[in-house]
Protein chains: 2
Amino acid sequence: MAKTKDENTEEQILVAAKTVFQTKGMDGARMQHIADEAGINKAMLHYYFRSKQLLFEAVFNQAFSLLAPQLNIILNDESSIEDKVKNFTVNYTTFMMKHPYLPNFIIQELNRNEDFIVKLKENTGFPNLDKFKAQVDAEINDGLLNPIDADQLFVNIIALNIFPFLGKPLIKAFTNKDEQDYETFVESRKTEVANFIINSIKPH
Amino acid sequence: MAKTKDENTEEQILVAAKTVFQTKGMDGARMQHIADEAGINKAMLHYYFRSKQLLFEAVFNQAFSLLAPQLNIILNDESSIEDKVKNFTVNYTTFMMKHPYLPNFIIQELNRNEDFIVKLKENTGFPNLDKFKAQVDAEINDGLLNPIDADQLFVNIIALNIFPFLGKPLIKAFTNKDEQDYETFVESRKTEVANFIINSIKPH
DNA sequence: ATCTTTGTTAACCAAATGGTTAAACTATAC
DNA sequence: GTATAGTTTAACCATTTGGTTAACAAAGAT
C-alpha cells in the first residue's frame, strides 16, 4: 500500500478509542483492538497519546463535555420549571438514543475511579445547581409547585431520564421487549416522563 | 505456620471474590488480588472454581439472587399499588444502603455481556411483571390510579430507587454533598420517592 | 538535490496474568 | 502405623498486554 499521509490520524484514533472504551470500559479495552478499529499501527496510539491512560482521559473528557451541555438545559435555561422538564426530557432522550453507550460509560468509569470527578469539577462549565434550586424554591413560594427539595427533584428528573439507558438489558428482560419494542418504549418516554414528573410536582 | 484445615475455604473465597469483583468488575479484578483478600494461595481459586469465569459467575448469580427477592415486593405482594410503592421504596433503599456496590455491579456486568441475562431468565424466581401489570390496569379501571402504562410505571419506580446508587459520584458532585450529606439525602428518599410517585399516579 | 522534521511500521521487550503441576501436608479409614 | 483421599503450597508456564525502538518513508525548507 502507498503510504500517503492521512489527513488526521489523531482524529481517527479518537473515534476508534471512543468506540472501544465506551463498549469495553477502561479495563476491558485493549490498545491493539483500538489500533485495529482505527486501521493503524499500535505504535501510533502512543505516538499521539503517550499512554492508554491519557488516551482514555481524552475520550472520557470528550464524552463528558457532550453530556454537560445537555444538563444545562434544565439548569440554566430561563423558562419555567414545567417547560424545562418538558424540554429536557425530549432533548435528553433524543440525544441519548443517538449515543446509547454514553451514560453507562460515564457512570461506570466514575464509579471505578472517584478521584476522576474532582478534575471535572475544576473545569468551567461543570453543571451548577444554584440557579435551578433558587427557581424551584421561588416557584414553590409562588404556589406554582408543590413543596419539594430541589436536589431531590433534580435527581428524580435525571434518574427517570438516564435509567432506561443504564438498565436497558435488565428492563428488556423484565418487560419482555425485543430491540424494536424497546426503542418504541424509550421513544414514548419523551413525553411520558415529563408528564409523570409534572403530574407529581404541579398543584391541581 | 501450622496447616490446620480451614472450616470452609470455599466460602472464604466467595466472600473475597464478591468484594473484589463488585468493586473492580470482571475485567478489573485480578485472581491474585482475590487470593490475597481471602488470605490463601492463588491455586486454591482454581481448585474450587476451575476458572476466573466460573468464579465470577458464582459471585454474579449470588448477587442477582439477592436482588430478585427485593423486586418481588412490588411484583407479587397482595397489597394496593400505593402500599407496594411505599413498602418497596423503604425496603429497597434500606437494603441497598447495606449493599451499595450491588446495583452498579449487576448493571455494569449485564451491559458488558448481554447473553448473561438469557441464563438468568431461565431460572425460576426471575421477576415476572404479569401480576403487577394486571393490578395496575385494574386499579386504573377502578379509578384508583391515573392512566399509565404499567411498564412505564415499573421502570419509573425502579429508576427512582436505583439511580442514587448508580450515579452516586455524579450526584455528589452536582449537589456538592459529602459522604455524610449523601447518606442523609438517600435516607430521606425512603419516603420522598414514594410520595413523588404516588403524587403523580393517584387522582386527587 | 539534500537536509530536517514529522509520521509510520515491524519487531521487540518486560511485566502482568490466568492457569498448571508436582510435591507436601492433613485427616481419616483400615 | 500406614494406605488413601482430599487440601494446600511454591514454583513454573504460556500468553497477553502496554509500551519502546530502530529503521524507514514522506513532505517541506534551504
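Remember, it's a predicted structure, so these values are computed and weren't measured experimentally. Only heavy atoms go into these numbers, but all of them, side chains included; no hydrogens, no water, no symmetry mates. All chains are named by letter (A, B, ...) in the order of the sequence lines, taking the proteins before the strands, and each is independently numbered beginning at 1.
When the P atom of C:dA16 is taken as reference, atom NZ of A:K52 falls 15 Å away, rounded to whole Å. Whole-Å rounding puts the A:N41 CG to D:dA22 P distance at 16 Å. The interatomic distance linking A:I13 (CD1) with C:dG7 (P) rounds to 11 Å, in whole Å. The nearest whole Å value for the distance from the CD atom in A:E11 to the P atom in C:dG7 is 15 Å. Separating the CE atom of A:M44 from the P atom of D:dG19 is a distance of 15 Å, rounded to the nearest angstrom. Rounded to an integer number of Å, the gap from NZ of A:K42 to C1' of D:dT16 is 10 Å. Summarising the geometry, the separation between NE2 on A:H46 and P on C:dG7 is reported as 17 Å, rounded to the nearest angstrom. The distance from atom CG of B:D36 to atom P of D:dA10 is 12 Å, rounded to the nearest whole Å.
A sub-4.0 Å separation between OP1 or OP2 of D:dG19 and a side-chain N or O of A:R50 is absent. Side-chain N/O atoms of B:R30 include none lying less than 4.0 angstrom from OP1 or OP2 on C:dA16. Considering only side-chain N and O atoms, A:S51 lies nowhere under 4.0 angstrom from the phosphate OP1 or OP2 of D:dG18. At C:dT8, one or more side-chain N or O atoms of A:T9 fall inside 4.0 Å of OP1 or OP2 (strictly under the cut-off). Phosphate contact (OP1/OP2 of C:dT8, side-chain N/O of A:Y48, threshold under 4.0 Å): present.
Comment: A:K177 engages B:D151 in a salt bridge, judged by a side-chain N to carboxylate O separation of less than 4.0 angstrom. Taking a cutoff of 4.0 Å between a charged side-chain nitrogen and a carboxylate oxygen, B:R189 and B:E192 do not qualify as a salt bridge.
Ranking C:dG18, C:dA10, D:dT8 by closeness to the B:Y47 side chain, first place goes to D:dT8. Of the listed nucleotides (D:dG18, C:dA10, D:dA10), C:dA10 has the atom at the smallest distance from the side chain of A:A43.
Formation of a donor-acceptor pair under 3.5 Å by the A:N123 side chain with backbone atoms of A:F126 is not found in this model. With hydrogens and angles disregarded, a donor-acceptor distance shorter than 3.5 Å links the side chain of B:N111 to the backbone of B:I107. Under the 3.5 Å distance criterion, the side-chain polar atoms of B:T19 are matched with a main-chain donor or acceptor of B:V15.
Within 4.0 Å (heavy atoms only), B:A35 reaches no atom of the nucleic acid at all. Note on A:M31: only backbone sugar-phosphate atoms sit closer than 4.0 angstrom, heavy atoms only; bases stay farther off.
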